[in-house]
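One-based numbering, in listed order, for ligands and for the atoms of each. Predicted model only: the values in this text are computed from it and were never measured.
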Amino acid sequence: MVKNMALRHLTKVTDFTRAECEQIIDYAIQMKADRWNPKYTSKLKNRTLLMLFAKPSLRTRVSFETGMEQLGGHAIFYSVKDSPLGVKETIEDTTKCASRYVDMIAARVFKREEIQKIAANAGVPVINMLDDFAHPCQILCDFQTIKEKKGTFDGLKLSFYGDCRNNVTYDLMRMCAMFGMKMDVVCPSDPEYAPEQEVIDECKEISKDTGAVVRVVHDVMEGAHDADIIYADSWMSYGIPKEEEEKRVKDLMPYQVNSKVMEAAKPDCIFMNCLPAKRGYEETAEVIDGPQSIVFDQAENRLHVQKAIILFLLNLMN
Ligand code: CP
Ligand code: NVA
């Protein structure tokens with residue numbers, strides 16, 4: 001396939017500009033309010049999305065499949081364990097073949113190098129559905145939800161608690177940097193749970209222009225001070241061996257989001273978690289099932305924002 005020079009991919013949130021992210025978020029909000037309007041429901045007629053999964057999923061798989069259906073298109077679920085990808089066949093060959101059949105490729109893989117290889121060899125747009133470096137669909141959905149709940153991004157502080165050597169943390173850091181926000185990354189000082197220097201440097205560079213302040217802090221209450229959004233993610237991300245659970249729970253328990261942490265934040269602070277969640281671990285049941293939690297509104301928005309991402313990448317937004 002001849003490579004289209006205008007081809008765009010979404011491997012991490014900073015593949016888009018702030019203006020493009022806002023355009024996608026606003027379009028998602030508009031479609032959410034009017035999702036059965038015929039101007040949307042046949043936009044993807046005869047279009048197909050291939051979804052390659054090397055890790056489990058509920059939200060990502062179901063929201064992408066449903067989103068394609070609602071736009072009049074079709075999604076193929078393909079488990080990597082059923083494919084020759086990377087074992088009997090190179091990632092390059094799999095990607096080149098798939099590009100001859102489908103209009104887009106989405107992939108959930110283990111390593112950032114894998115998504116980069118897919119993007120470098122695809123003749124169609126590629127969407128990262130999570131790797132070890134980014135989870136851009138989740139974070140665009142999170143920012144749609146923040147816009148709906150807070151009405152603005154200006155002056156907001158987001159504090160992320162727990163395991164911060166983490167795909168979700170990284171794209172939240174990049175997005176807060178791009179949007180000129182404050183973010184506290186609240187984790188133990190052990191490097192096992194701290195963000196990689198590469199991501200800290202990326203955010204420093206972006207913040208020079210936007211005035212964002214993205215900090216790593218180890219004091220739980222300092223992180224909560226003045227927070228508008230408190231965010232937690234699993235301590236056992238997909239692929240972390242079960243044998244590590246006991247140690248991780250012991251190390252990360254001081255960083256659990258509980259009612260004390262929520263009380264130290266602003267009174268109208270919201271609680272977010274990309275899910276799946278484990279009550280009693282990264283947050284207490286009282287917090288995730290309490291009045292400040294917006295986790296199911298957040299989960300719903302995966303559907304709406306991903307529809308907008310697909311239309312944006314296929315140049316079909318208007
Ligand atoms: N938040 C998220 O990506 O969920 P799944 O792992 O269920 O897709
Ligand atoms: N950090 C988590 C996110 C799950 C959506 C993981 O990688 O499993």
Point to revise | K182 and D228 ion-paired at < 4.0 Å | key: no
Review point. Which class fits the ring pair Y27 and Y40: parallel under 30°, tilted 30 to 60°, perpendicular over 60°?
Key: perpendicular
Revision key, fill the gap. What one should report as the nearest heavy-atom pair of E282 and A277 is OE2-CA, 3.1 Å
**Study point:** Amino acids in close contact with ligand 1, where any non-hydrogen atom sits under 4.0 angstrom away
**Key:** S57, L58, R59, T60, R108, H135, Q138, Y238, C274, L275, R302
**Study point:** Check: N128 side chain, L10 main-chain N or O, donor-acceptor pair, under 3.5 Å
**Key:** no
Exercise for review: Over all heavy atoms of both residues, which pair between V186 and G223 is shortest? Give the atoms and the distance, please.
Suggested key: CG2-CA, 3.9 Å
Review point. To which residues is M236 joined in a hydrophobic cluster, defined by side-chain heavy-atom contacts under 4.5 Å among Ile, Leu, Val, Met, Phe, Trp and Tyr, whether direct or through other members?
Key: I240
Study note, to complete from the structure: At a 4.0 angstrom heavy-atom cut-off, ligand 2 is contacted by L130, H135, N166, N167, V168, D233, S237, Y238, L275
Review point. Which hydrophobic side chains are connected to Y193, either touching it within the sub-4.5 Å cutoff or through other members that do?
Key: W235, V249, L252, M253, Y281
Review point. Does D15 pair with K12 as a salt bridge, N-O distance under 4.0 Å?
Key: no
Exercise for review: Apply side-chain contact (heavy atoms from CB on, under 4.5 Å) to the pair I294 and T145, showing each step before the final yes or no.
Suggested key: CA-CA 8 Å; I294 57 154; T145 317; 3.5 Å; yes
